[in-house]
**Q** 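I'd like to ask you about the structure that follows.
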Amino acid sequence: MDWIEALILGIVQGLTEYLPVSSSGHLAIASNFFGINGEDSLMFTVAVHVATVLSTLVMLWKEIDWILKGLFKFEMNAETKYALNILVSMIPVGIVGLFFKDKVEEAFGSGLLVVGVMLLVTAVLLIFSYYARPRQKERLSLRDAFVIGLAQACAVMPGLSRSGSTIATGLMLGNKKEMLAQFSFLMVIPPILGEALLDILKAVKGEDVMGGVGMLPLCVGFMAAFISGCFACKLMINIVKKGKLVYFGIYCAIVGLAIMIYQLSQ
């Protein structure tokens, strides 16, 4: 992998981690285009994922600071309830990540055909949530947080957007769109860091930790993912507030169909 490929892949990761179009799916498509084996670029994948987490911390630092200050008051306040919602949302993805992720990947694979199908599923979720009009709730409940967490756990499938699944599920449950993007991005921080840690441990056990990726491409990809992630995080919050997710649904449907047709024609 050279630095130009790393730059493109980093931008793809940073943008698609927050936009509801599946970062894993787009990374698979881009890697396939450049002829890069996913297993050989494990440390690069970890680096760009950590970069997007850092972009979340930067862009949503006020909200994170608000939660932390509330937690250290050691009382059941709004901040503590918000943190509990995040904790509950982590339960499904934690179980899937620790015990079932490898089995899911073995059962369904991670080829472009699977990516195409899951992009279509993402499209259905986004379009349906756009037209669904449930009664609006005043606050996010623990039950809703758990259900949204289930949607995040399902997004272990390559091509199924994590942000798209969680935000669309929250909308269909009747939660206000103004708070869903923020909650969706905050709830994903612990799982991504946990997944990165597991990948690092997996890589360390191998003979080649860097997987053939040089330090320059690694740094370029990291910075590209961080900068584009900051941009996409801010953009996505504004998009969700305006309720424009249907356009991403159309995009996912077009790309998903194109990938499926391409794969089936090979």
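The residues of the chain are indexed from 1 along the displayed sequence. Because the structure is predicted, anything quoted here is derived from the model rather than measured.
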**Q** If hydrophobic clusters are built by linking Ile, Leu, Val, Met, Phe, Trp and Tyr wherever their side-chain heavy atoms come under 4.5 Å apart, do Met215 and Ile8 end up in the same one?
**A**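 Same cluster: Met215 reaches Ile8 through Ile, Leu, Val, Met, Phe, Trp or Tyr contacts under 4.5 Å.
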**Q** If Ile, Leu, Val, Met, Phe, Trp and Tyr residues are connected whenever their side-chain heavy atoms lie under 4.5 Å apart, and connections chain through other members, are Ile4 and Val48 in the same group?
**A**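 Ile4 clusters together with Val48.
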**Q** Would a 4.5 Å heavy-atom cut-off, applied to side chains only, mark Leu125 and Leu160 as touching?
**A** yes
**Q** Does Ser24 have any side chain to side chain donor-acceptor pair (under 3.5 Å) partners at least two apart in sequence or in another chain, and if so, which?
**A**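 With neighbours one apart ignored, the set is Ser22.
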**Q** With distance as the sole test, does Asn85 use its side chain to make a donor-acceptor pair with the main-chain N or O of Ala145 at under 3.5 Å?
**A**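 It does not hold such a pair.
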**Q** Which pairs with one or both residues in residues 145-177 pass ring pair (Phe, Tyr, Trp, His ring centres under 6.0 Å), sequence neighbours excluded?
**A**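 Sorted result for residues 145-177: empty, none.
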**Q** Would one find more than 12 heavy atoms of other residues, nucleotides or ligands at under 6.0 Å from atom NZ of Lys234?
**A**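 Count not over threshold, so no.
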**Q** Does some side-chain heavy atom of Thr122 sit less than 4.5 Å from a side-chain heavy atom of Arg162?
**A** no
**Q** Would you call Val121 and Met157 a side-chain contact if the rule is heavy atoms closer than 4.5 Å?
**A** no
**Q** With sequence neighbours left out, write down each residue that passes side chain to side chain donor-acceptor pair (under 3.5 Å) with Ser23, or none if nothing qualifies.
**A**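 With sequence neighbours excluded, Ser23 shows a side chain to side chain donor-acceptor pair (under 3.5 Å) to Glu17, given in chain and number order.
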**Q** To the nearest 0.5 angstrom, please state how far the OG atom of Ser165 sits from the CD1 atom of Ile148.
**A**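 Between atom OG of Ser165 and atom CD1 of Ile148 there are 11.5 Å.
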**Q** Parallel, tilted or perpendicular: which fits the ring planes of Phe72 and Phe74, with parallel below 30° and perpendicular above 60°?
**A**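 It falls in the perpendicular class, over 60°.
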**Q** Ignoring hydrogens and angles, tell me if any N or O in the side chain of Asn175 forms a donor-acceptor pair with the backbone of Asp144 under 3.5 Å.
**A**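 Side chain of Asn175 to backbone of Asp144: no pair is present.
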**Q** Do Leu19 and Leu235 have side chains that get closer than 4.5 Å, going by heavy atoms?
**A** yes
**Q** Using a 3.5 Å distance criterion without hydrogens, assess whether the side chain of Glu5 forms a donor-acceptor pair with backbone atoms of Asp2.
**A** yes
**Q** Apply side chain to side chain contact (heavy atoms under 4.5 Å, CB included) to the pair Leu150 and Thr169, showing each step before the final yes or no.
**A** CA-CA 9 Å; Leu150 287 174; Thr169 300; over 6 Å; no
**Q** Looking at Ile29, Ile11, Val21, Thr52, which hits side-chain contact (heavy atoms from CB on, under 4.5 Å) with Thr16?
**A** Val21
**Q** Hey, are the side chains of Val124 and Leu120 touching, using non-hydrogen atoms and a 4.5 Å cut-off?
**A** no
**Q** Between Trp66 and Met59, is there shared hydrophobic-cluster membership here, with clusters defined by ILVMFWY side-chain heavy atoms closer than 4.5 Å?
**A** yes
**Q** Mind listing the closest non-hydrogen atom pair of Pro20 and Ser163 along with its distance?
**A** CA-OG, 3.5 Å
**Q** Please step through side chain to side chain contact (heavy atoms under 4.5 Å, CB included) for the pair Ile237 and Phe185, ending with a clear verdict.
**A** CA-CA 9 Å; Ile237 290 175; Phe185 297 158; 3.8 Å; yes
**Q** To the nearest 0.5 Å, what is the distance between CE on Met187 and OG1 on Thr56?
**A**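 Those atoms lie 12.5 Å apart.
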**Q** Give a yes or no on whether the backbone of Ile86 and the side-chain of Ser89 come within a donor-acceptor separation of less than 3.5 Å.
**A** yes
**Q** Within this structure, what is the CG-OG distance for the pair Leu173 and Ser129, rounded to the nearest 0.5 Å?
**A**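 The CG atom of Leu173 sits 11.0 Å away from the OG atom of Ser129.
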**Q** Can the ring centres of Tyr82 and Phe183 be said to be less than 6.0 Å apart?
**A** yes
**Q** Taking the side chain as every heavy atom from C-beta outward, state whether Ser55 and Tyr18 have any atom pair closer than 4.5 Å.
**A**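 Side chain of Ser55 against side chain of Tyr18, heavy atoms only: contact under 4.5 Å found.
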**Q** Find the distance between CG (Leu180) and CG (Leu171) and round it off to the nearest 0.5 Å.
**A** 5.0 Å
**Q** Report whether Val93 and Leu186 are members of the same hydrophobic cluster (ILVMFWY, side-chain heavy atoms less than 4.5 Å apart, transitive linking).
**A**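 Looking at the clustering, Leu186 is in a separate group from Val93.
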**Q** Rounded to the nearest 0.5 Å, what separation is found between the NZ atom of Lys177 and the CG atom of Leu245?
**A** 9.0 Å
**Q** Evaluate the side-chain proximity of Met76 to Lys81: yes if any heavy-atom separation is below 4.5 Å, no if none is.
**A** yes
**Q** Is Tyr130 reachable from Val255 through a run of I, L, V, M, F, W or Y residues, each pair having side-chain heavy atoms under 4.5 Å apart?
**A**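 No.
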**Q** Working to the nearest 0.5 angstrom, can you tell me the gap between Glu79 CD and Ile64 CD1?
**A**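 The distance works out to 14.0 Å.
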**Q** Find out whether Ile259 and Leu113 are in side-chain contact, i.e. whether some heavy atom of one side chain is under 4.5 Å from a heavy atom of the other.
**A**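 The answer is no, as the side chains (C-beta and beyond) never meet within the 4.5 Å cut-off.
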**Q** As a test of understanding, state which of Val117, Leu119, Val114, Leu27 forms a side-chain contact (heavy atoms from CB on, under 4.5 Å) with Pro158.
**A** Val114
